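Step one of this worksheet: look at the structure below.
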Number of protein chains: 2
Amino acid sequence: MESPVLMFKALGDPTRARIFEFLCSNCCPVALDDLGDVRPVQGVTVGAVCCHVTGSEQFSSTVSFHLKELRLAGLINAEKNGKFMVCSVRREAIQVMRDYLQAQSDAVLGTCVEAQSLDPIGGKK
Amino acid sequence: MESPVLMFKALGDPTRARIFEFLCSNCCPVALDDLGDVRPVQGVTVGAVCCHVTGSEQFSSTVSFHLKELRLAGLINAEKNGKFMVCSVRREAIQVMRDYLQAQSDAVLGTCVEAQSLDPIGGKK
DNA sequence: ACTACATATCGAGATATCTAGATATATAGT
DNA sequence: ACTATATATCTAGATATCTCGATATGTAGT
């Protein structure tokens, strides 16, 4: 579990990547309640995801399928809130992937005689 | 091109991930030449990858297929060196993926009212 | 030119994935 | 209880992916 490779596989589908990016940008939006007060919202409903992905107000079983894949890969959380299912990004998952890539990057530098004398790409200069 | 999502897709296959990790750890190994001198090697031959993945000395068309996928995704380089094809990791690709994840991570923190008060996971404390 | 070797490409079967419609479940409001 | 709404699951067809054996290409050595 918590396998970065499975996470990459899940993120490797364009539809799922769109969903993931949408959740990253909207997982904890604020909304106005009926009193007009600003209230934090815990995540995004499946309906909102469907709307964003398909452009229609209709529920999409395809989106539901992809949300499940993202959940099984550990990339997102989904918990029921009354009638709604609310999705949010698992920040730990992002970190797992970043750690993996960091480790691979370090491995390259560690074994590359030549690379060690190169600038670390994107690193502080 | 240089799409992190395509890179994730390529890395999302366990066989390819193994190959990629192997290349990260061995893309610029040193070797002894016939005079016994230490010489840097530019990368890893396809044969060496096959050997690592399948455990046999035989060439594997499956490995060849996966190497092509990794190349098409931009994750590795492959150039001919005489009779051999020599593979190496594209460090820029690792950076593209890391940047993408960084951006998503930042997006989460940016929109999450709650998350902003949380410790950054894995960040400096 | 011939041979051995390293690798690529092709072709086909097995399996997995994606999509979308149909049906099922669960919850809130009446 | 009934109804509408939100979402999940099932099913099946279309497509993509993975694997592996067979064949092809290109290079080095004789």
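Keep in mind that what you see is a predicted model, and the values were worked out from it rather than measured. Letters A, B, ... are given to chains in the order of the sequence lines, protein chains preceding strands, and every chain is numbered from 1.
Close to D/dA8, at under 4.0 Å from its OP1 or OP2, lies no side-chain N or O of A/K80. Residue A/S64 places at least one side-chain N or O under 4.0 Å from the OP1 or OP2 atom of D/dA8. In terms of phosphate contacts, A/R16 brings no side-chain nitrogen or oxygen within less than 4.0 Å of OP1 or OP2 of C/dT17. For D/dA16, neither phosphate oxygen OP1 nor OP2 lies less than 4.0 angstrom from any side-chain nitrogen or oxygen of B/K9.
In this structure, B/E69 atom CD and D/dC18 atom C1' are separated by 10 Å, rounded to whole Å. Taking atom CD on A/E79 and atom P on C/dT27, their separation rounds to 15 Å, with Å as the unit. For the pair B/M85 CE and D/dT25 P, the computed distance is 16 Å after rounding to whole Å. Separating the CG atom of A/L70 from the P atom of C/dT17 is a distance of 14 Å, rounded to the nearest angstrom. A/K68 places its NZ atom 14 Å from the C1' atom of C/dC18, with the value rounded to the nearest Å. As rounded to whole Å, 6 Å separates atom C1' of D/dT17 from atom CZ of B/F65. If you take NE2 of A/H66 and C1' of D/dT9, they are 16 Å apart, rounded to a whole angstrom. The distance between atom NZ of B/K83 and atom P of D/dT30, rounded to the nearest whole Å, is 10 Å.
Judged by distance alone, the side chain of B/R18 and the main-chain N or O of B/H52 form a donor-acceptor pair under 3.5 Å. Between the side chain of A/S25 and the main chain of A/E21, a donor-acceptor pair closer than 3.5 Å is present. Checked by atom type and distance alone, the side chain of B/R16 pairs as donor or acceptor with a backbone atom of B/A10 at under 3.5 Å.
For A/S61 against C/dA20, a side-chain-to-base donor-acceptor contact under 3.5 Å is present.
Aromatic ring pairs are classed by plane angle as parallel below 30°, tilted from 30° to 60° and perpendicular above 60°; the pair B/Y100 and B/F8 is perpendicular.
Across all strands, A/T45 comes closer than 4.0 Å only to sugar-phosphate atoms, never to a base (heavy-atom distances). A/F59 comes within 4.0 angstrom of a base, heavy atoms only.
Each of A/T62 and A/G82 was matched to the nucleotide of DNA chain C holding its nearest heavy atom; the match closer to the 5' end belongs to A/T62. Between A/L67 and B/D13, the residue anchored nearer the 5' end of DNA chain D, judged by the nucleotide with its closest heavy atom, is A/L67.
Taking the charged nitrogens against the carboxylate oxygens, A/E2 and A/R90 do have a contact shorter than 4.0 Å, which makes a salt bridge.
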